[in-house]
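Structure, as structure tokens:
As the structure is a computational prediction, the values presented were derived from the model and not from experiment. For ligands, and for the atoms within them, numbers begin at 1 and follow the listed sequence. Heavy-atom basis, side chains included; hydrogens, waters and symmetry copies ignored.
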Amino acid sequence: MAKLIDGKAIAQEIKDELMQEIASMKERGIEGALAVIQVGSDPASTVYVSNKKKACEALGLRSESCEFPEDVTEEALLKKIHEYNHNPRIDGILVQLPLPSHIDEKKVIDAIEPTKDVDGFHPLNVGALLIGEKGLISCTPAGVIELFKRSGIEIAGKHCVVIGRSNIVGKPMAVLMLRENATVTIAHSKTKNLEQICRNADILIAAVGKPKMIKASYIKEGAVVIDVGIHRLEGKKLCGDVDFDEVEPLVSAITPVPGGVGPMTIAMLMNNVVLAMKEHYGL
Ligand code: NAD
């Protein structure tokens with residue numbers, strides 16, 4: 001029977017640790033804060049923003065939000081980011097993506113002060129990750145590394161196949177696995193013989209964005225499978241990029257959807273806010 005990697009429990013463990021750290025900083029007069037910027041009123045974005053604010057509250061962090069209408073100018077958005085950049089009472093800044101098409105997403109990400117870039121998307125943080133320097137790391141891939149560490153799953157020396165090369169998940173995931181001394185293959189939409197490549201993986205990380213695409217035929221027996229995908233099926237049930245029912249009997253460990261990688265993302269966002277606070281206060 002495969003070991004189920006319990007992301008919900010591990011995320012809670014991380015949040016409990018952070019809560020203690022935040023409380024002890026508060027005793028020293030340090031109160032952390034996250035600023036969240038939302039453009040428009042897309043229902044999914046509104047849920048994400050509200051969950052992030054709730055997570056802050058639950059851990060004892062202050063959160064500040066700024067909501068702009070869909071037709072806000074790029075200039076006004078950049079001005080707000082600059083304000084937050086220079087506000088000493090704000091430790092982390094997050095702009096909820098995606099943005100409307102008249103706004104240049106890259107310009108917005110580049111405008112965030114790197115030490116406050118709690119999403120870890122700024123080119124300076126991405127570069128720091130690549131060369132192994134200190135910086136803020138994209139939350140979902142950072143969460144996957146915590147899942148391995150806290151479940152006692154060895155990474156060093158393993159062959160890891162990451163499917164997906166997005167800037168938010170696939171690429172930073174591959175770099176983090178390399179940092180942990182895995183031998184890494186990155187597969188993507190133009191990869192040939194994907195099934196065969198995946199069958200060589202000791203660790204398979206799926207960040208493809210295609211519901212239940214990864215079937216039993218992609219799996220080496222005894223592999224560890226991490227499913228980053230989240231999809232809502234008809235009837236509202238959630239599933240991942242992996243066909244869990246087919247794959248689970250073959251593997252040594254697997255993350256479920258829901259309850260695997262998903263809860264880790266917000267826990268690691270909170271971790272990034274705490275890291276940003278420590279950097280700002282020289283702790
Ligand atoms: P994306 O669409 O930006 O990237 C998908 C990647 O998959 C691309 O790099 C593409 O090359 C590759 N790909 C697409 N079709 C393929 C195919 N047939 N064969 C091989 N590779 C293929 O998506 P993303 O933002 O990286 O997210 C990936 C998945 O993870 C999505 O389901 C998303 O909802 C989910 N996600 C979950 C969390 C979380 O908190 N758990 C966070 C971010 C993203």
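- Side-chain contact of D241 with H231: a donor-acceptor pair under 3.5 Å is present, judged by distance alone.
- With no hydrogens or angles considered, a side-chain donor-acceptor pair links D16 and Q12 at under 3.5 Å.
- Closer than 4.0 angstrom to ligand 1 sit non-hydrogen atoms from T140, I163, G164, R165, S166, V169, H188, S189, L194, A207, V208, G209, K210, M213, V228, G229, I230, H231, D241, V261, G262, T265.
- Side-chain contact, E75 with T73: no donor N or O sits under 3.5 Å from an acceptor N or O.
- Using modelled atom types and a 3.5 Å distance limit, the side chains of S63 and E57 yield no donor-acceptor pair.
- With 3.5 Å as the limit, one finds no donor-acceptor pair spanning the side chains of S252 and K3.
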Quick one: do D91 and L34 satisfy side chain to side chain contact (heavy atoms under 4.5 Å, CB included)? Show the steps, please.
CA-CA 6 Å; D91 302 281; L34 171 69; over 6 Å; no

